Protein chains: 2
Amino acid sequence: MKRTKEKCPYHCEIEAAFAVIGGKRKARIISHIGDGKPRFNQLRDILENVSPRMLAKQLRELEEDGLVIRKMHREIPPRVEYELTKTGRAFIPILDNISDWVIEYCPDAAQKIE
Amino acid sequence: MKRTKEKCPYHCEIEAAFAVIGGKRKARIISHIGDGKPRFNQLRDILENVSPRMLAKQLRELEEDGLVIRKMHREIPPRVEYELTKTGRAFIPILDNISDWVIEYCPDAAQKIE
DNA sequence: CAGCATCCTAAGTGATACTG
DNA sequence: CAGTATCACTTAGGATGCTG
């Protein structure tokens with residue numbers, strides 16, 4: 001989804017929202033961070049087939065948009081945990097609704113899960 | 001969002017759902033079709049800066065996924081109206097929740113509306 | 001009017017190698 | 001471990017012109 005630094009790039013709330021959560025795998029990332037406090041490579045394992053470059057980018061954007069906090073522990077080897085902010089946690093129920101919707105109303109897509 | 005014809009391309013419900021509604025402008029299209037029964041060029045006017053090629057593509061995908069019905073009236077000049085299916089209508093409350101969420105929790109993005 | 005066909009560019013994404 | 005850097009590639013998206 002397009003992310004921009006223009007002053008008024010959005011025509012409506014929905015467009016603004018999807019600029020924040022519509023990126024590839026962003027919804028899944030939010031969902032998994034909500035489950036625990038995963039570390040970088042744990043997220044990579046869960047998501048599968050994500051290059052470190054892409055995961056880092058998505059996480060950085062989610063952090064900029066205030067959904068995710070990056071907690072860096074100064075240890076050797078370094079340990080970084082991700083967790084949701086209040087904003088991120090407020091989005092979890094919506095993700096649950098979306099999951100329910102696809103199961104109930106989109107049998108074709110639901111069948112392609114797993 | 002990636003659309004695929006593979007047999008089991010999705011890891012979870014959220015990924016499946018975003019394959020259906022995550023395309024650029026798809027959420028906005030659903031929302032506007034829910035408001036009335038817009039014609040092709042009415043949708044173009046509302047969305048602004050959409051090439052006919054792209055709008056047609058998004059509409060066709062939404063139709064394939066069972067969210068939208070294309071009603072063709074055999075007149076001269078031709079008239080086509082789009083409306084929501086039950087599946088599409090069931091998604092409207094979720095879009096409303098998303099709008100509320102961005103207003104309440106994402107002030108930076110909300111400020112860029114209009 | 002409601003598209004489709006064609007061409008083209010720009011942005012997104014992946015793979016791999018490397019570093020503090 | 002948690003990322004960057006670089007390069008190559010795929011895809012999305014726009015512009016334009018044409019048609020039933």
Side-chain angles (χ1 to χ4, degrees), chain A residues 1-6 9-11 15 18-29 32-33 36-65 68-83, chain B residues 1-6 9-11 15 18-29 32-33 36-65 68-83:
Chain A
M1 213 73 22
K2 188 177 180 184
R3 292 177 52 82
T4 168
K5 306 212 165 162
E6 294 167 47
Y10 307 131
H11 301 87
E15 193 178 8
F18 273 78
V20 174
I21 52 85
K24 194 176 183 184
R25 288 184 257 246
K26 270 187 187 167
R28 284 181 73 199
I29 291 172
H32 287 304
I33 297 181
K37 296 182 181 177
R39 299 169 64 170
F40 189 83
N41 280 335
Q42 287 178 330
L43 277 173
R44 282 197 68 192
D45 291 343
I46 296 169
L47 296 174
E48 301 181 57
N49 306 326
V50 194
S51 63
R53 170 187 152 77
M54 280 312 300
L55 180 56
K57 190 188 168 218
Q58 307 284 312
L59 285 168
R60 215 179 313 123
E61 292 178 354
L62 286 171
E63 200 188 350
E64 283 172 18
D65 289 329
V68 161
I69 293 173
R70 182 173 176 280
K71 282 219 170 148
M72 182 151 181
H73 304 264
R74 292 220 150 273
E75 307 171 356
I76 307 257
R79 180 163 60 95
V80 177
E81 288 177 337
Y82 292 91
E83 53 187 272
Chain B
M1 213 70 26
K2 188 178 180 184
R3 292 177 52 80
T4 170
K5 306 210 166 165
E6 292 166 52
Y10 307 131
H11 300 87
E15 194 178 7
F18 273 78
V20 174
I21 52 86
K24 193 177 182 185
R25 288 182 257 247
K26 270 186 188 169
R28 282 182 73 201
I29 292 172
H32 287 303
I33 297 182
K37 296 182 183 177
R39 299 168 64 170
F40 189 83
N41 281 334
Q42 287 179 330
L43 277 172
R44 283 198 67 190
D45 291 343
I46 296 168
L47 297 173
E48 300 180 57
N49 307 327
V50 196
S51 63
R53 170 187 150 76
M54 281 313 299
L55 179 55
K57 190 185 168 219
Q58 307 283 310
L59 285 168
R60 214 180 316 121
E61 291 178 355
L62 287 171
E63 202 189 347
E64 282 171 20
D65 290 329
V68 161
I69 293 173
R70 183 173 176 279
K71 281 221 171 147
M72 181 151 182
H73 304 264
R74 290 217 152 274
E75 307 170 357
I76 308 262
R79 181 163 61 96
V80 177
E81 289 178 337
Y82 291 91
E83 53 187 272

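Naming convention: chains lettered A, B, ... in sequence-line order (proteins, then strands); numbering from 1 in each chain. Model, not experiment: these values are computed from the prediction.
- Rounded to whole Å, atom C1' of D:dA2 lies 12 Å from atom CD of A:Gln42.
- Contact annotation: the side chain of B:Lys26 approaches that of B:Glu61 to within less than 4.5 Å [non-hydrogen atoms, C-beta and beyond].
- Nucleotide C:dG3 holds its C1' atom 11 Å from the CG atom of B:Leu59, rounded to whole Å.
- Between C:dG14, D:dG13, D:dG3, one nucleotide has an atom nearer to the side chain of A:Arg53 than all others, and that is C:dG14.
- Summarising the geometry, the separation between CZ on A:Arg70 and C1' on D:dC1 is reported as 11 Å, rounded to the nearest angstrom.
- Across the helix from C:dC1-D:dG20 to C:dG20-D:dC1, the helix axis at one end is tilted relative to the axis at the other end by 60° (nearest 10 degrees, each axis from five pairs).
- A heavy-atom distance below 4.5 Å is found between the side chains of A:His32 and A:Leu47.
- A 4.5 Å side-chain heavy-atom check between A:Arg70 and A:Leu59 finds every atom pair outside the cut-off.
- Distance from the side chain of A:Pro78 is smallest for D:dC1 among the nucleotides D:dC1, C:dG14, D:dT4.
- In this structure, B:Glu61 atom CD and D:dA12 atom C1' are separated by 11 Å, rounded to whole Å.
- In terms of phosphate contacts, B:Arg60 brings a side-chain nitrogen or oxygen within less than 4.0 Å of OP1 or OP2 of C:dC4.
- Atom pair A:Arg74:CZ and D:dG3:P shows a separation of 12 Å (rounding to whole Å applied).
- Closest approach to the A:Phe40 side chain among D:dA2, C:dG3, C:dA17 is made by D:dA2 (side chain taken as heavy atoms from C-beta onward).
- One atom, CE of B:Met54, and another, P of D:dT11, lie 14 Å apart when rounded to the nearest Å.
- Per the geometry, CD belonging to B:Gln58 stands 16 Å off C1' belonging to C:dC4, to the nearest Å.
- Within the 4.0 Å cut-off from OP1 or OP2 of D:dG14, at least one side-chain nitrogen or oxygen of B:Arg25 is found.
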For this session: Could you go through the side chain to side chain contact (heavy atoms under 4.5 Å, CB included) check for A:Lys57 and A:Arg53 one step at a time?
Result: CA-CA 6 Å; A:Lys57 190 188 168 218; A:Arg53 170 187 152 77; 5.8 Å; no
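- Between the C1' atom of D:dC1 and the NE2 atom of A:His73 lies a distance of 13 Å, rounded to the nearest Å.
- Two residues are said to be in side-chain contact when any heavy atoms from C-beta on lie closer than 4.5 Å; B:Gln42 and B:Asp45 fail this criterion.
- Under the 4.5 Å side-chain criterion, counting only non-hydrogen atoms from C-beta, B:Ile29 is in contact with B:Leu55.
- Among the nucleotides C:dG3, C:dG14, C:dC1, the one closest to any side-chain atom of B:Val80 is C:dG3.
- Looking only at side-chain heavy atoms (C-beta outward), B:Phe18 and B:Tyr10 stay at 4.5 Å or farther from each other.
- At C:dG14, none of the side-chain N or O atoms of A:Lys57 fall inside 4.0 Å of OP1 or OP2 (strictly under the cut-off).
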